[in-house]
Amino acid sequence: MAAFTEAQRAFQVRKMKTRFRMLDVTKNGYVSDEDYHELARRFIEYGKLNAEQATRLKKAAQNICDLINLKPGTKLSEEEFVESHVKLGEDREKTIPPGKNILSAFFDMMDADADGKISLEEFKIHYRCSGVAEEHAKAVFDALDTDNDGIISRDEFVDAGVHFYYYSDPAHPVNLLYGPLVD
């Protein structure tokens, strides 16, 4: 087990609070399957997706809920969410492999047109759907686009997510994956 130092843990808590607040799209103080389905609904609306894309996106949202065992009616408070996610990083040898599957499912949810890549526009829509100011999207997009080809590949997204969830390096640009960190 790779326990965080006190400073690393405090930084990890900030990151996970940021992620919680982005995921709590219904703003009821909990993360539930309702938030994932609302996120999909907003993405469909803001992205002006066609029926086929909307169906695929709804399935991707449900897949995420299934992968993280978030059943209807289950609600995670900020404290529960943060603590469970900080523990992921402290037990990364066991938790990274299944975590990559979840990150891949998030990629599918953001890849609205199912072309195997996330465009800047898709990334901005994700930010808008989650209530994060789009002004932050370009810099984060560029940080994730490690080969500078103008798109985020599945590998780039999963690698960024692994760093965000499992490692505590305050200098890494991926820390802003889900917007500016809360205090």
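One is the number of the first residue; the rest follow in order along the sequence.
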Item to check | D159: partners by salt bridge (Lys or Arg N to Asp or Glu O under 4.0 Å), with sequence neighbours left out | outcome: none
Next on the checklist: Could you check whether any side-chain heavy atom of F164 comes within less than 4.5 Å of a side-chain heavy atom of R19, counting everything from C-beta outward?
Outcome noted: yes
Item to check | Partner set under side chain to side chain contact (heavy atoms under 4.5 Å, CB included) for Y166, not counting sequence neighbours | outcome: L88, R92, T95, I96, V162
Checklist entry - Below 4.5 Å, heavy atoms only, C-beta onward: do V25 and Y36 meet side chain to side chain? => result no
Checklist outcome for this item: d(L49 CG, R41 CZ) to nearest 0.5 Å is 12.0 Å
Checklist entry - Which of these, H37, K75, K71, sits in a side chain to side chain contact (heavy atoms under 4.5 Å, CB included) with S32? => result K75
Next on the checklist: Quick check for you: to the nearest 0.5 Å, what is the distance between D33 atom CG and I64 atom CD1?
Outcome noted: 12.0 Å
Checklist entry - Between the side chain of T74 and the main-chain N/O of L70, is any donor-acceptor distance below 3.5 Å? => result no
Item to check | Donor-acceptor contact present, side-chain K27 to main-chain D24, <3.5 Å | outcome: yes
Next on the checklist: Can a donor-acceptor pair be found, under 3.5 Å and without considering hydrogens, that links the side chain of N175 to the backbone of K15?
Outcome noted: no
Item to check | Shortest non-hydrogen contact from P97 toward K94 | outcome: CD-O, 3.8 Å
Checklist entry - Only one of R14, H163, Q12 clears side chain to side chain contact (heavy atoms under 4.5 Å, CB included) with S168; which? => result Q12
Item to check | Charged N-O contact under 4.0 Å between R154 and D108 | outcome: yes
Item to check | Distance (rounded to the nearest 0.5 Å) between I118 CD1 and D115 CG | outcome: 9.5 Å
Checklist entry - Are any side-chain N or O atoms of N63 and backbone N or O atoms of L67, one a donor and one an acceptor, separated by less than 3.5 Å? => result no
Checklist entry - Atom CG of L144 and atom CG of D142: how far apart are they, to the nearest 0.5 Å? => result 9.5 Å
Checklist entry - Does a side-chain heavy-atom distance below 4.5 Å link L181 with F11? => result yes
Checklist entry - If you measure from CD on E134 to CD1 on I125, what distance do you get to the nearest 0.5 Å? => result 8.0 Å
Checklist entry - Under the 3.5 angstrom rule, does the side chain of D145 hit a backbone N or O of D149 as a donor-acceptor pair? => result yes
Next on the checklist: Quick check: closest heavy atoms across S130 and L39, and the distance to 0.1 Å?
Outcome noted: OG-CD1, 3.4 Å
Checklist entry - Are M110 and F157 close enough that some pair of their side-chain heavy atoms sits under 4.5 Å apart? => result yes
Item to check | Considering all heavy atoms, the nearest R56-A114 contact | outcome: NE-CB, 3.3 Å
Checklist outcome for this item: So the ring pair (Phe, Tyr, Trp, His ring centres under 6.0 Å) pairs with at least one residue in residues 115-146 (sequence neighbours excluded) are F123-Y127, F123-F141
Item to check | Heavy-atom pair of closest approach, residues A60 and A105 | outcome: CB-O, 4.5 Å
Checklist entry - So does E38 pair up with R42, basic N to acidic O under 4.0 Å? => result yes
Next on the checklist: Applying a strict under-4.5 Å side-chain criterion to I, L, V, M, F, W and Y, I'd like to know whether Y46 and F106 cluster together.
Outcome noted: yes
Next on the checklist: Hydrophobic clustering (ILVMFWY, side-chain heavy atoms < 4.5 Å, transitive) - are I151 and M109 grouped together?
Outcome noted: no
Item to check | Residue pair Y178, V132: steps toward the side-chain contact (heavy atoms from CB on, under 4.5 Å) verdict | outcome: CA-CA 8 Å; Y178 299 112; V132 177; 5.9 Å; no
Item to check | Joint hydrophobic cluster, Y30 plus I68, side-chain heavy atoms closer than 4.5 Å | outcome: no
Next on the checklist: I'd like to check F81 versus L23 (side-chain heavy atoms, cut-off strictly below 4.5 Å). Are they in contact?
Outcome noted: yes
Checklist entry - Can you check whether T55 reaches K59 side chain to side chain, under 4.5 Å on heavy atoms? => result yes
Checklist entry - Under 4.5 Å between any side-chain heavy atoms of V86 and V13, yes or no? => result yes
Checklist entry - Are any of the side-chain nitrogens in R9 or E83 under 4.0 Å away from the carboxylate oxygens of its partner? => result yes
Next on the checklist: Working to the nearest 0.5 angstrom, can you tell me the gap between H172 NE2 and L177 CG?
Outcome noted: 11.0 Å
